[in-house]
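Model, not experiment: these values are computed from the prediction.
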Amino acid sequence: MKIAISCQGRNLDDQLDPRFGRAQGFIIYDNENSSHEYVDNYQNLSAAQGAGIQSAQNVAATGATAVITGHVGPKAFTALSRGNIDVYLCNGGTVSEALESFKEGKLQQTNEADKPGHW
């Protein structure tokens with residue numbers, strides 16, 4: 001299983017990015033072999049619109065089936081749902097801490113956006 005975590009840096013010890021669509025990037029963590037890679041999201045940082053949809057497409061292209069982020073807007077949530085990607089919200093901390101919470105079952109899957117668009 002691959003998990004995409006919105007992040008503010010390239011490493012597991014970097015902070016979770018609270019934004020999904022305009023996250024700096026994503027750590028793609030492979031739960032089967034405990035490996036990870038960084039996927040840049042630079043093109044969406046200052047996008048006038050569509051950042052959530054583009055970010056969802058970027059995540060889907062990695063093969064991830066779950067996302068851990070701080071917040072997700074309605075368009076991004078819809079795009080992720082259509083791609084069969086589950087969304088889990090986390091209240092900050094490092095990427096590593098978010099992964100541990102996920103593995104321990106402490107993060108609940110959300111079934112809707114928790115922010116309006118363009119926040």
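Between the T94 side chain and the D13 main chain, no donor and acceptor come within less than 3.5 Å of each other. A donor-acceptor pair under 3.5 Å links the side-chain atoms of N41 to the main chain of A23, judged by distance alone. In this structure a side-chain-to-backbone donor-acceptor pair under 3.5 Å is missing from D14 to V95. A donor-acceptor contact shorter than 3.5 Å links the side chain of T62 to the backbone of V59.
How far NE2 of H71 is from OG of S6: 9.5 Å, rounded to the nearest 0.5 Å. Atom CD of E100 and atom SG of C90 lie 11.5 Å apart (nearest 0.5 Å). For the atom pair CD1 of I3 and CG of D30, the computed distance is 8.5 Å after rounding to the nearest 0.5 Å. Interatomic distance, CD of Q15 versus CD of Q8, reported as 6.5 Å (0.5 Å rounding). The CD atom of E97 sits 12.0 Å away from the CG atom of N91 when rounded to the nearest 0.5 Å.
Around the CG atom of D40, the shell of radius 6.0 Å holds more than 12 heavy atoms that belong to other residues, nucleotides or ligands. In Q108, the CD atom is not crowded: 12 or fewer heavy atoms of neighbouring residues, nucleotides or ligands sit closer than 6.0 Å.
When all heavy atoms of L16 and G70 are compared, the pair lying nearest together is CD2-N, 4.1 Å. A pairwise comparison of heavy atoms in K103 and Y29 identifies NZ-OH, 3.0 Å as the closest pair. Nearest heavy-atom pair, A56 versus A79, reported as atom, atom and distance to 0.1 Å: CB-CB, 3.6 Å. When all heavy atoms of S55 and G21 are compared, the pair lying nearest together is OG-O, 2.8 Å. M1 and A66 get closest at one heavy-atom pair: CE-CB, 3.6 Å.
Evaluation of the side-chain hydrogen bond (donor to acceptor under 3.5 Å, both in side chains) rule for D86 yields Q109 as partners, not counting sequence neighbours. Not counting sequence neighbours, F77 has no partner by the ring pair (Phe, Tyr, Trp, His ring centres under 6.0 Å) test. With sequence neighbours excluded, no residue satisfies salt bridge (Lys or Arg N to Asp or Glu O under 4.0 Å) with E32.
The shortest side-chain heavy-atom distance between F20 and F26 falls under the 4.5 Å cut-off. Between L89 and L107 the shortest side-chain heavy-atom distance does not fall below 4.5 Å. No side-chain heavy atom of K2 sits less than 4.5 Å from a side-chain heavy atom of N31. A heavy-atom distance below 4.5 Å is not found between the side chains of E112 and S81.
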Checklist entry - Run the side chain to side chain contact (heavy atoms under 4.5 Å, CB included) check on Y38 and Q24 step by step: do they pass? => result CA-CA 10 Å; Y38 176 78; Q24 179 177 328; 3.7 Å; yes

Checklist entry - Should T65 and N84 be marked as a side chain to side chain contact (heavy atoms under 4.5 Å, CB included) after you check the CA-CA gap, both sets of side-chain angles, and the distance that decides it? => result CA-CA 7 Å; T65 57; N84 295 315; over 6 Å; no

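By the rule that hydrophobic residues join a cluster once side-chain heavy atoms approach within less than 4.5 Å of another member, I28 and F102 end up as members of separate clusters.
When the options V67, I68, T69, D17 are evaluated for a side chain to side chain contact (heavy atoms under 4.5 Å, CB included) with I5, the one that passes is I68.
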